[in-house]
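As the structure lists them, so they are numbered: ligands from 1, and atoms in each ligand from 1.
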Amino acid sequence: MAQVGRGIPRLEARSKVTGRAEYTHNLRLPGMLYAKVFRSTVPHGRIVRIDTSAAAALPGVERVVTGEDIRKVIPEPYYGPAFHDQPILALDKVRHVGEPVAAVVAADPHVAEQAVQLIEAEYEELPAVYDEVEAMTSQAIVHEVLKPAGTFADLKHLAGKTGTNVALDFHLTRGDTDKAFAGADHVFEHTFRSQQALHLAFEPFVAVAEPGDGMVTVHTSNQTPSFVRMEIARLLGWQENQVRVKVPLLGGGFGAKVYVKLEPLVVALALIVRRPVKVALTMEEQFYMITKHPTTFRIKSGVTKDGKITARECEVHWNGGAYADIGPRVCQKSGFTAPGPYDIDHIKIDSYELYTNRTPCGALRGFGIPQLVWAYECHTDIIARELGIDPVEMRRKNILREGRPQATGTKMKDAAIEQVLDALAEQMPWSKPFDRGTGVIRRGRGIAIGFKASISPTTSVAIVNVSADGSASLNMATTDMGQGSDTIMAQIVAEVLDIQAEHVRVMHTDTDITPYDMGTLGSRSTFHMGHAVRLAAEDAKAKLAALAAEAGLPPGTNYPPSEIFVKRYGMRAGNVIGSGTYIPTYQSPDKTTGMSENVTPFWMIGGTGAEIEVDTETGKVRVTRLVNVADCGTPINPRIATTQLSGGATMALGFTLFEDMVLDGGQVTNASLADYKIPGMHDIPPMYNELVDAKQSNGPFGAKGLGESATFGVSPAIANALDDAVGIRLTDLPMTPEAVLRALRAKEGRPLEDDA
Ligand code: MCN
């Protein structure tokens, strides 16, 4: 292959470094106004009164809008991909601190901000619930009524449970775990918890709505433009062709910008004031938009004395926050992989998505998988160490091999789990002696592996347009948020048409001209859109061949397109337009057993090896080396694919060691980049990245997804290394110096004062 497999630089690299790249933030429209949001200060309460009079009286303020005003243009102003549970601005109740309650529109954003400070709201406070396990039985009910959205095929069965906080519960049973535990040599049970954290794209959420003649245009930083169009049309009761959604490049998305976020608000405001309106969040406001699910995962395994896992029970509580967003899918799709990439005969999974009075939680790079791997890979490591089995051997003994059924019953195919494990062991290198140190600084190493199913079934459509000079453009709605999709899709077009990738122009999403795509999420684009793009290019190629035949050119030769057009039309005129649609096959899990023969079109595999240093006097953990290994089938662009590994691992490193949204009475106390620490250059260790030599037989050119794979194993690999170094086991994230020091001191029998 000439184009697929080329490690070319990103096509947009030059425009990014010269500042010419197009972002929604840079957009200024004639007559455009700015809106700022007034937010709830209580976690759960009935709205008694909102006084907007002082704000409305401030010179320069165009309009102050509340939830009731929105109802005048959108009678049912509730949105969401799973449930229509989220009001554009709060109605009747607020359900988390930071929830949008009112908005001020002004020509000057500073005036709008000043006016927001003048709004007053009074609430009758209601009991609140923040913890996912407490939410199961709490009397504090976040939603009294639930309306399933019914939009996506895989979420059609959603109902919610009135009178509880359960948005979705997923159950899977295979074999008989009770019997297997009774017959096991050893039974181990642990509980692991993970924290609330956030995406923090360096381009915060931003959207602009531009009302037109019987239509509206939305310019937005979003990963799912086709869904935005559908959802805005549904809210307004308009046809989809009256809504135009334009998405340029994104300054990061990481799963935050999926489905609709600011778009309903900005559209409602623009329709009310009949002018273009922009809403651009500050860094701080991102803490109130969407976050990563905190989880509590109780895991129990029955094991033979030589380390074969015979049974596993997984009970996962997902803290979904105040609005479901896409949480139910996280709970189900990730939930069914909770036992890990292991071949276990007896399995029971209970996975619960719960409403609480926190900022909503949704998709974040890994879609719940890192929370699961955190638990099952720590658990697996503890078992290995207690049984005196080498952790790599323990995994090798149990991994799911080709043709064996995963928990759902779907047989594993093209999942290079063993190769990933072998590559990790080799690169660490695991078989060589390791110096653990003797003084204040101790060293340890650990590994972890994880896997993820792709979201299914989903649709992607692409159009390839070949001009008479032979150049080609690609119309698709995949969003390039930094992962390099523009470049690799151009490589796929170029491969089929036998041209250079650099000569393919990739159009950014404009739903008036780019066809439907389910979304840039779940690392689905290379596989799904890659197929659609391949099919579209093949269609164009077949049409070019037909044109050559019409022109009387003898068959069998690959004529340059320009020659074909000239021969056929007498000059460089005309176009050839190829289109392609891709949707994989799928069988939804049985409602009672959770079983399915075809639950995913491909499996993503990722593994991490970590070497760390622990300062036993301060508890500080320094990661000295990370080994990131993944199976992405054929890398379309090995150079960019490798950077996906280091990017994903760096993000996961932050969630492992320091990132944590600290809550006090429902109030986030560290909602700023000064107090919420993300990895800086000095925190990033040397990394070794490897893509194992594998092929996805049903993938475009043998490729499958990769964007999240490096996030899976980082937390447990570091926790396992910590145990290896100093013999302490942390079960909560993040592993801050304070948490490490507390555990060290407790182990030494001299607990820190407030633990004594
Ligand atoms: N790639 C490749 N060959 C493969 C697979 C992938 O060359 N066989 C490379 C390509 O450059 C491709 C990229 O890896 O564009 C990711 O491909 P894929 O795994 O198909 O993921 P998507 O294009 O669907 O992107 C989404 C995925 C997700 S879900 C999140 S979250 C994420 C991510 O990718 N957010 C990112 N990577 C990110 N990278 C950056 N810089 N910024 C984000 O916000």
Taking side chain to side chain contact (heavy atoms under 4.5 Å, CB included) as the test, write out the residues that go with Pro248, two or more places apart.
Glu22, Thr24
How many angstroms lie between atom CG of Asp414 and atom CZ of Phe602, to the nearest 0.5 angstrom?
11.5 Å
With sequence neighbours left out, what residues match Gln406 under side chain to side chain donor-acceptor pair (under 3.5 Å)?
Thr408
Is the backbone of Gly251 close enough, under 3.5 Å, to the side chain of Glu203 for a donor and an acceptor to pair up by distance?
yes
Would you say Glu502's side chain and Leu11's backbone share a donor-acceptor pair under 3.5 angstrom?
no
With a 3.5 Å cut-off and sequence neighbours excluded, list the donor-acceptor pairs that the side chains of residues 680-687 form with protein atoms.
{"residue": "Asp683", "atom": "OD2", "partner": "Lys677", "partner atom": "NZ", "Å": "2.8"}
{"residue": "Asp683", "atom": "OD2", "partner": "Gly680", "partner atom": "N", "Å": "2.8"}

Heavy-atom contacts under 4.0 Å to ligand 1, chain-then-number order, include exactly Gly252, Gly253, Phe254, Gly255, Arg365, Met481, Gly482, Gln483, Gly484, Ser485, Ile488, Thr520, Leu521, Gly522, Ser523, Arg524, Ser525, Thr526, Cys632, Thr634, Pro635, Ile636, Asn637, Ile640, Ala641, Gln644, Ala703, Lys704, Gly705, Leu706, Gly707, Glu708
